[in-house]
Amino acid sequence: MSRLGIIDTHAHLDDGRFDADRAAVMERLARDMEAVITQGTTYESSVASVKMAEQYDFVYAAVGWHPEDLAGIKSESYIAELEALAKEHKKVVAIGEIGLDYYWKENEPKDVQLLRLKQQCDLAYSLDLPVVIHDREAHGDCLRFFQNEVPKDLKVVFHCYSGSLEMAKELWKRGYYLGFGGTSTYKNNKKVREVLAACPEELFLLETDCPYLAPEPFRGRRNDPAMTEFVAQNAALVRGTDFAHIAEQTTKNARTLFGRIK
Ligand SMILES: [Zn+2]
């Protein structure tokens, strides 16, 4: 087993902030982590994620177009391109990072975002892969979308969950997973901790979203997958249990949702 025995279900290892020391970081992570899932945000970044998964045993890839990057889609063949990546590479474990982002004004309009989300969810379903969902300032539309526009048995994780407890309960009813990362350790973020405390044991995942959103006590620094250790320690406090239990349960959950992880 790895040093920490945990899985970071949401990382961006292709990010430029790892360029200077990526080899050293990866060597350390190979000892620390059970597995890391690195997310695609464009076609190029999806290819980079797949390449890292081929290079490193502990790395797995998600492929997809992030809602902030949808203007980069130049042709409807983008779905066929993602499909080919997922079919050709056994270590592609999900379609992600996809979703809705109404925070940034320069993002594509809502109808375009909803269309791209629908197309990518349909692809995931046809490949029997889960989807990794980014929902920023779009909780209402996200909930409506998943209640009405996808098959009931589509496998879903809402990463870096930031919605209400009421919405979380609707998602749990559908068997959806929630990912908790650095934001669940921030002092002013009571709402997320309330959800973390109430989350059914079998639907809860650890993540970093690195290099962004480093947990306390490293807030503001570059985040990396090994910092899931601090997310897990905080989760143990919030849920009234210990680190070993959180590690064991979340690793089991990640292997259940992302069935292709060894
Ligand atoms: Zn992300």
Side-chain angles (χ1 to χ4, degrees), residues 6-19 22 25 29 33 35-50 52-53 59-73 82 85 92-104 106-108 113 116-117 120-121 124 129-139 142 155-163 171 176-186 189 192 204-215 218-228 230-231 250 254 257-258 261:
I6 50 189
I7 295 178
D8 179 359
T9 58
H10 194 108
H12 295 275
L13 294 174
D14 67 319
D15 192 277
R17 272 181 270 179
F18 291 113
D19 286 353
R22 186 173 285 104
V25 170
L29 293 176
M33 305 299 294
V36 176
I37 304 174
T38 191
Q39 306 287 322
T41 54
T42 61
Y43 180 71
E44 206 184 19
S45 136
S46 298
V47 169
S49 295
V50 166
M52 267 185 270
V59 176
Y60 293 82
V63 299
W65 280 85
H66 191 287
E68 284 171 40
D69 295 304
L70 296 176
I73 295 175
L82 293 179
L85 278 180
V92 172
V93 298
I95 299 298
E97 175 176 357
I98 65 176
L100 301 175
D101 191 314
Y102 297 168
Y103 178 79
W104 299 105
E106 59 271 37
N107 286 349
E108 293 293 280
Q113 293 196 37
R116 296 319 189 193
L117 176 58
Q120 294 184 90
C121 284
L129 289 174
V131 290
V132 180
I133 299 303
H134 169 109
D135 161 20
R136 189 167 188 195
E137 309 274 324
H139 304 319
C142 258
K155 292 176 248 170
V156 180
V157 53
F158 272 62
H159 110 83
C160 192
Y161 184 72
S162 61
L171 301 177
Y176 290 4
Y177 292 73
L178 300 187
F180 295 93
T183 59
S184 65
T185 70
Y186 298 165
N189 213 338
V192 176
F204 144 53
L205 299 172
L206 297 176
E207 62 165 79
T208 56
D209 206 14
C210 68
Y212 318 102
L213 301 172
F218 303 105
R219 190 170 182 179
R221 301 230 318 246
R222 184 184 75 177
N223 197 359
D224 88 50
M227 288 195 189
T228 39
F230 303 97
V231 177
T250 54
L257 177 62
F258 304 104
I261 295 183

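Atoms within a ligand are numbered from 1 in the order they appear, just like the ligands themselves. In what follows, every heavy atom counts, from backbone to side chain, and hydrogens, waters and symmetry copies are set aside.
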### Message
Does Arg219 qualify as a cation-pi partner of Tyr186, given the criterion of NZ or CZ under 6.0 Å from the six-membered ring centre and within 45 degrees of its axis?
### Response
yes

### Query
What class does the angle between the rings of His139 and Tyr161 fall in, given that below 30° is parallel, 30 to 60° is tilted and above 60° is perpendicular?
tilted

### Message
Determine whether the aromatic ring centres of residues Tyr177 and Phe204 are separated by less than 6.0 angstrom.
### Response
no

### Query
From His134, does some N, O or S atom reach closer than 2.8 Å to the Zn ion (ligand 1)?
no

#### Entry: Shortest-distance N/O/S atom, Glu97 versus the Zn ion (ligand 1)
OE1

### Query
Is any N, O or S atom of His159 under 2.8 Å away from the Zn ion (ligand 1)?
no

## Note on the structure
Output field for angle at the Zn ion (ligand 1), His10.NE2 vs His12.NE2, rounded to 10°, should show 100°

### Message
So, of the N/O/S atoms that Asp209 has, which is the nearest one to the Zn ion (ligand 1)?
### Response
OD1

### Task
Please determine which of Asp8, Thr38, Thr9 meets the side chain to side chain contact (heavy atoms under 4.5 Å, CB included) test together with Pro225.
Asp8

### Query
Between Leu100 and Leu117, does a side-chain contact (heavy atoms from CB on, under 4.5 Å) hold up when you go through it step by step?
CA-CA 7 Å; Leu100 301 175; Leu117 176 58; 3.9 Å; yes

